[in-house]
Amino acid sequence: MAKSTGETVLWSLFAAGGVVAALLIPVLIFITGIALPFSDSGMLPSLERVTFGRLHDLATSLLGRLVLFAAISLPLFHCANRLFHTTKDLGLHGARGLVGFICYGGAILGTVVGGWLVFTL
Amino acid sequence: MPKPYIRKMPATWWLRKRAYFWFMMRELSAVFVAGYCVMLMVFLWSMKQGVSRYEDLLGWMQGHIWTIGVHFIALVFAAYHSITWFNLLPKVIVLRQGEEKVPGIYLVSAHYVAWFVISAVLICLVFKSH
């Protein structure tokens with residue numbers, strides 16, 4: 001079946017998002033969701049308490065901003081693609097337009113909000 | 001155009017075989033990854049508001065320990081995505097050196113090494129002491 005340009009773009013974003021998610025998301029979950037709250041509470045003495053200033057400097061460096069933006073935007077397109085196709089496999093054959101709008105619209109919204117956050121931090 | 005024939009399937013078809021179940025777990029990882037992307041935005045939003053809002057967020061997470069449990073579950077699903085993604089790569093990308101096909105194991109190993117190095121570097125950048 002011939003694919004439209006739009007579909008090619010979506011599958012490219014799916015692939016790029018798959019790589020970025022695979023390389024970055026587990027370690028980011030560990031850092032922001034587990035290690036930082038724990039180290040801040042002093043429950044894990046081996047982890048030094050990270051100061052806000054240091055974290056802010058890292059996040060606002062050029063590399064920090066690019067990594068964070070890539071880690072928010074691209075995985076959202078990857079996930080949008082997976083959810084869009086899996087909802088069909090789960091029996092949601094109708095309302096493809098609406099489901100697509102929610103999935104890819106969510107990824108676009110996340111890209112805009114995430115980009116704004118990352119580059120105005 | 002004729003209407004495509006859609007075979008009726010119960011929504012629980014993926015519970016019938018182990019392979020289908022793991023396929024669905026891989027797809028489910030997308031829910032956790034997308035959920036974490038939103039959480040990362042909440043985290044950055046708190047940082048943008050300044051140090052007191054950032055510490056409020058960390059304090060709230062410490063007071064509600066289930067949030068760290070949810071992050072742990074998300075970490076397991078995200079790692080499952082990484083493993084399945086890397087292991088599938090040789091089926092998508094075929095590298096050639098001259099006439100010879102480069103064995104897929106090199107491509108897969110290179111990605112595991114990159115995953116490990118990137119993770120170690122980021123953890124050291126944030127947590128290493130001066």
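Within every chain, numbering begins at 1; the chains are lettered A, B, ... in the order of the sequence lines, protein sequences first and strands thereafter.
- In this structure, I25(A) is a member of the same hydrophobic cluster as L58(A), with clusters built from ILVMFWY side-chain heavy atoms closer than 4.5 Å.
- At a threshold of 4.5 Å between non-hydrogen side-chain atoms, the residues L57(B) and P37(A) do not count as touching.
- Applying the 6.0 Å contact sphere to CZ of R53(B) captures no more than 12 heavy atoms from other residues, nucleotides or ligands.
- Atom-to-atom distance recorded for I72(A):CD1 and M41(B):CE is 5.5 Å, nearest 0.5 angstrom.
- Between chain B and the residues L83(A), L90(A), V118(A), the most heavy-atom pairs under 4.5 angstrom are made by L90(A).
- Atoms CZ and SG, on F77(A) and C37(B) in that order, are 11.5 Å from each other to the nearest 0.5 Å.
- Placement of V33(B) and L88(B) in two distinct hydrophobic clusters is found when ILVMFWY residues are connected by side-chain heavy-atom separations under 4.5 Å, directly or transitively.
- Clustering ILVMFWY residues whenever any of their side-chain heavy atoms sit less than 4.5 angstrom apart, transitively, puts I83(B) in the very cluster that holds V27(A).
- Interface residue H78(A): only side-chain heavy atoms are found under 4.5 Å from chain B.
- Residue F116(B): no heavy atom, backbone or side chain, is found under 4.5 Å from chain A.
- Put simply, the side chain of Y54(B) reaches to within 4.5 Å of the side chain of L36(A), judged on heavy atoms.
- Scanning all heavy atoms of the two residues, the minimum distance from G33(A) to I68(B) falls at O-CG1, 3.6 Å.
- One distance of note links CG of D57(A) with CG of L125(B); it measures 12.0 Å at 0.5 Å rounding.
- In terms of heavy-atom pairs under 4.5 Å with chain B, the best-connected choice from A21(A), P26(A), S73(A) is P26(A).
- Within 6.0 Å of CH2 in W60(B) there are more than 12 heavy atoms belonging to other residues, nucleotides or ligands.
- Side-chain atoms of L23(A) and W85(B), non-hydrogen and from C-beta on, never get closer than 4.5 Å to each other.
- Remark: D89(A) CG to Y20(B) OH distance equals 12.0 Å, nearest 0.5 Å.
- Hydrophobic clustering (ILVMFWY, side-chain heavy atoms < 4.5 Å, transitive): V117(B) and I29(A) are in one cluster.
- No more than 12 heavy-atom neighbours from other residues, nucleotides or ligands sit within 6.0 angstrom of CZ on F72(B).
- Between chain A and the options H111(B), K48(B), M39(B), heavy-atom pairs under 4.5 Å are most frequent for K48(B).
- To the nearest 0.5 angstrom, R82(A) atom CZ is 4.5 Å from R26(B) atom CZ.
- Linking ILVMFWY residues whenever their side-chain heavy atoms come closer than 4.5 Å, directly or via other members, leaves F86(B) and V94(B) in distinct clusters.
- Classified by interplanar angle (parallel below 30°, tilted 30° to 60°, perpendicular above 60°), the ring pair W45(B)/W116(A) is tilted.
- Contact tally against chain A (heavy-atom pairs below 4.5 Å) for S29(B), S82(B), A78(B), A79(B): the top residue is S82(B).
- With respect to chain A, the highest number of heavy-atom pairs below 4.5 Å among M61(B), M24(B), E27(B) belongs to E27(B).
- To the nearest 0.5 Å, atom CG of residue L55(A) and atom CE of residue M47(B) are 4.0 Å apart.
- Looking only at heavy-atom pairs under 4.5 Å with chain A, the residue among T67(B), L40(B), V31(B), L28(B) that has the most is L40(B).
- Remark: Y106(B) OH is loosely packed, at most 12 non-hydrogen atoms of other residues, nucleotides or ligands lying under 6.0 Å away.
- The choice from W13(B), F23(B), Y36(B), W115(B) that makes the most heavy-atom pairs within less than 4.5 Å of chain A is Y36(B).
- With respect to chain B, the highest number of heavy-atom pairs below 4.5 Å among T32(A), T60(A), L121(A) belongs to T32(A).
- Ranked by heavy-atom pairs shorter than 4.5 Å toward chain A, the options T12(B), V51(B), L44(B), L75(B) are led by V51(B).
- Residue contact with chain B, scored on non-hydrogen atoms closer than 4.5 Å, is absent for L92(A).
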